[in-house]
Amino acid sequence: MAPRVRFAPSPSGYLHIGSARTVLFNYLFARSTGGALVLRIEDTDPSRSKEELAYQMADTLLWLGIDYDEGPRKGGPYGPYFQSQRTERHRAAAERLLAEGKAYRCYCTPEELAERREAAVLAGRAPRYDGRCRTLTAEEARALEAAGRRPAVRLRVPEEGVTVVHDAIYGDVEFDNAALDDFIILRSDGMATYNFASVVDDIDMRITHVIRAEEHLSNTPKQIHVYRALGVDPPVFAHVPMVLAPDRSKLSKRHGAVAVEEFREKGYLPEAIVNYVALLGWSPGDDREIFTMDELIREFSLERVSRTAAVYDVQKMEWINAQHLRRLPPAEVARRALPWLRKAGLAAEGAQVDQRLTAAVALVLERVRTLAEIPAAIEFFFRAPETYDEAGVRKHFAAEGAAERLAACRRIAEEVPSWTAEAIEAAYRAEAERLGVRPAELIHPTRLAVTGRTVGPSLFHLLELVPRDEAVRRLERAEAFVRAHAARA
RNA sequence: GCCGGUAUCGUCUAGUGGCCUAGGACGCCGCCCUCUCACGGCGGAAACCGGGGUUCGACUCCCCGUACCGGUACCA
């Protein structure tokens with residue numbers, strides 16, 4: 001039977017980087033084994049239920065290239081894929097356990113429970129449910145019911161013995177049943193709790209492998225008891241280590257960007273996010289670090305997933321993003337950068353990628369790490385500089401004879417036989433020789449005059465993309481600037 | 001508190017008893033390339049949590065401790 005795995009997030013509206021890693025592993029496992037990935041939204045907590053948020057999350061998965069097989073927006077034979085729409089199944093399952101005596105009604109109120117729990121902790125005892133409703137007689141139950149109490153349903157958990165989780169990543173992990181209490185599977189409002197709903201749904205959806213975050217490992221014995229009570233063999237469990245913030249705490253919003261959507265807005269490529277996140281807790285066993293999705297599918301295996309929590313590091317992700325950026329054709333990078341170019345006013349609303357844009361992007365491709373950096377990097381191709389870099393002015397505009405050299409450069413721009421990088425370079429070097437200066441003494445002032453900066457692409461290649469008359473104007477303006485300042489000094 | 005897990009450079013990791021003088025990558029520093037920046041190349045600093053065992057031999061196996069993470073809800 002082909003494996004079936006699932007990703008079951010609560011709908012928060014954004015995809016946490018740790019969750020992204022979890023889905024990715026599920027997806028890689030599914031694709032590498034010929035299995036299917038199900039997306040199920042766990043929205044049983046009514047305060048968190050928002051269908052629209054779930055669709056946003058689904059779109060983010062698709063954007064990442066995680067093309068799940070069943071779930072919201074896709075449908076499938078085991079729907080509905082919103083847990084809130086499966087409450088009848090949960091209730092039916094609970095009824096069955098009740099009828100079979102494997103579960104019982106508990107009439108304690110949340111307030112009473114909290115009180116007792118507090119008392120237990122104070123007394124140094126384990127804060128477990130004491131099982132007082134376990135042996136209620138029918139009359140007692142009726143009396144409680146008559147008093148207006150709405151019961152919750154608890155699972156009868158064996159009081160002795162050991163439950164072992166056979167984890168594909170952590171190995172066999174043993175838990176004493178005595179440490180568990182009879183936990184609630186159905187709340188008094190009739191809604192199933194997580195440990196119950198998710199098992200019932202996993203059974204209904206024929207899930208064979210549960211690959212999820214390590215934080216669920218401790219709850220797995222409870223779920224195994226639910227499987228047993230329901231008479232179903234548990235699936236294979238595989239818990240993947242947590243992703244932590246740089247301070248080793250749980251990654252949260254106060255650590256800056258933690259959602260895939262935020263990285264998307266910051267100009268990260270889906271390929272890079274996938275690649276980086278794959279390396280968090282998984283490694284191929286050799287020195288390779290840059291992978292495409294197809295390569296990951298080919299290489300991935302649960303056996304190579306580590307057991308150690310990983311601290312997430314933006315700098316490395318930036319580097320990986322730069323790697324992927326450079327592997328893309330410049331025209332494609334330009335296309336993807338369009339939204340940022342529009343925002344910067346460098347591209348019109350309906351603008352398409354043209355040759356000049358592509359050439360400009362090609363020149364800065366090795367100088368940027370994200371799409372968001374592109375507008376600033378190529379701005380001077382479209383607009384004359386409004387100011388000159390201050391340190392640059394001191395260095396290249398303040399020297400003796402700076403104005404004359406700029407004038408010489410302007411003449412080259414006017415007279416060079418063809419406006420190509422080769423021709424311009426030849427003219428510059430010849431002129432430098434004639435003047436008896438190093439080529440750099442012409443090159444740097446020109447760059448500052450044309451781009452306003454001291455850093456950037458090779459001058460001659462850059463000039464080629466600036467219209468000749470525009471280059472002449474910028475050089476003239478720089479010459480005037482230098483003369484004005486020299487006069488004042 | 002109790003239960004569970006984990007522990008290799010700052011970070012991601014390789015390593016499954018001798019191949020380890022502990023390898024790679026990001027970041028950092030230096031040099032080279034060079035019209036600047038970047039890319040690239042070369043080099044450097046940087047780690048086996050502590051203590052006991054087991055063994056001819058432990059980063060690797062066992063125990064204890066410590067630290068960190070997770071669970072312990074009518075949250076998921």
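First the proteins, then the strands, lettered A, B, ... as listed; each starts at 1.
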Can you find an N or O donor on one side and an acceptor on the other, under 3.5 Å apart, linking the side chain of [X] with the base of [N]?
{"X": "R248(A)", "N": "C69(B)", "value": "no"}
{"X": "T193(A)", "N": "C74(B)", "value": "no"}
{"X": "S188(A)", "N": "C74(B)", "value": "yes"}

If I pick the [atom1] atom on [M] and the same atom on [N], what distance separates them, to the nearest angstrom?
{"N": "A22(B)", "M": "A58(B)", "atom1": "P", "value": "16 Å"}
{"N": "G24(B)", "M": "A45(B)", "atom1": "P", "value": "12 Å"}
{"N": "C29(B)", "M": "A46(B)", "atom1": "C1'", "value": "11 Å"}
{"N": "G5(B)", "M": "A76(B)", "atom1": "P", "value": "26 Å"}
{"N": "C49(B)", "M": "A7(B)", "atom1": "C1'", "value": "7 Å"}
{"N": "C28(B)", "M": "U21(B)", "atom1": "P", "value": "31 Å"}
{"N": "G57(B)", "M": "G18(B)", "atom1": "P", "value": "15 Å"}
{"N": "C9(B)", "M": "A25(B)", "atom1": "C1'", "value": "12 Å"}

Short side-chain N/O contact from R429(A) to OP1 or OP2 of C35(B), under 4.0 Å: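 Yes, R429(A) has a side-chain N/O under 4.0 Å of OP1/OP2 on C35(B).
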Less than 4.0 angstrom between a side-chain N/O of R304(A) and OP1 or OP2 of G15(B), yes or no?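 Indeed, a polar side-chain atom of R304(A) lies that close.
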Reckon [X] touches a base, only the sugar-phosphate, or nothing at all at heavy-atom distances under 4.0 Å?
{"X": "L113(A)", "result": "base"}
{"X": "T454(A)", "result": "base"}
{"X": "P457(A)", "result": "base"}
{"X": "P439(A)", "result": "nothing"}
{"X": "R288(A)", "result": "nothing"}
{"X": "R447(A)", "result": "base"}
{"X": "T308(A)", "result": "sugar-phosphate"}
{"X": "R212(A)", "result": "nothing"}
{"X": "L280(A)", "result": "sugar-phosphate"}
{"X": "E425(A)", "result": "nothing"}
{"X": "A310(A)", "result": "sugar-phosphate"}
{"X": "Y428(A)", "result": "nothing"}
{"X": "C106(A)", "result": "nothing"}
{"X": "Q315(A)", "result": "sugar-phosphate"}

Nearest-nucleotide pick for [X], side chain only, options being [options]:
{"X": "K250(A)", "options": "G71(B), A76(B), C37(B)", "value": "G71(B)"}
{"X": "K316(A)", "options": "A76(B), A25(B), C35(B)", "value": "A25(B)"}
{"X": "Q323(A)", "options": "C74(B), G40(B), G71(B)", "value": "G40(B)"}
{"X": "Y170(A)", "options": "G4(B), U6(B), G71(B)", "value": "U6(B)"}
{"X": "V455(A)", "options": "C37(B), G40(B), U72(B)", "value": "C37(B)"}
{"X": "R117(A)", "options": "C74(B), C35(B), G70(B)", "value": "C74(B)"}
{"X": "S458(A)", "options": "U6(B), C69(B), C35(B)", "value": "C35(B)"}
{"X": "R369(A)", "options": "C26(B), A76(B), U36(B)", "value": "C26(B)"}

Who does [N] pair with, Watson-Crick or G-U, both distances under 3.5 Å?
{"N": "C59(B)", "value": "none"}
{"N": "A25(B)", "value": "U11(B)"}
{"N": "A67(B)", "value": "U6(B)"}
{"N": "C20(B)", "value": "none"}

Assess whether a salt bridge exists between [X] and [Y], defined as any Lys/Arg side-chain N lying under 4.0 Å from an Asp/Glu carboxylate O.
{"X": "E215(A)", "Y": "K250(A)", "value": "yes"}
{"X": "E112(A)", "Y": "R132(A)", "value": "no"}
{"X": "R91(A)", "Y": "E95(A)", "value": "no"}
{"X": "R298(A)", "Y": "E295(A)", "value": "no"}
{"X": "E425(A)", "Y": "R429(A)", "value": "yes"}

Measuring from L280(A):CG to K316(A):NZ, what's the distance to the nearest 0.5 Å?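 Reported to 0.5 Å precision, the distance equals 10.0 Å.
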Using the six-membered ring wherever Trp is involved, compare the ring planes of W282(A) and F300(A) and label them parallel, tilted or perpendicular (cut-offs 30° and 60°).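 Ring orientation of W282(A) relative to F300(A): tilted.
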Ring-face cation of R154(A) near Y129(A) (centre distance under 6.0 Å, axis angle within 45°):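 Yes, R154(A) lies over the aromatic ring of Y129(A).
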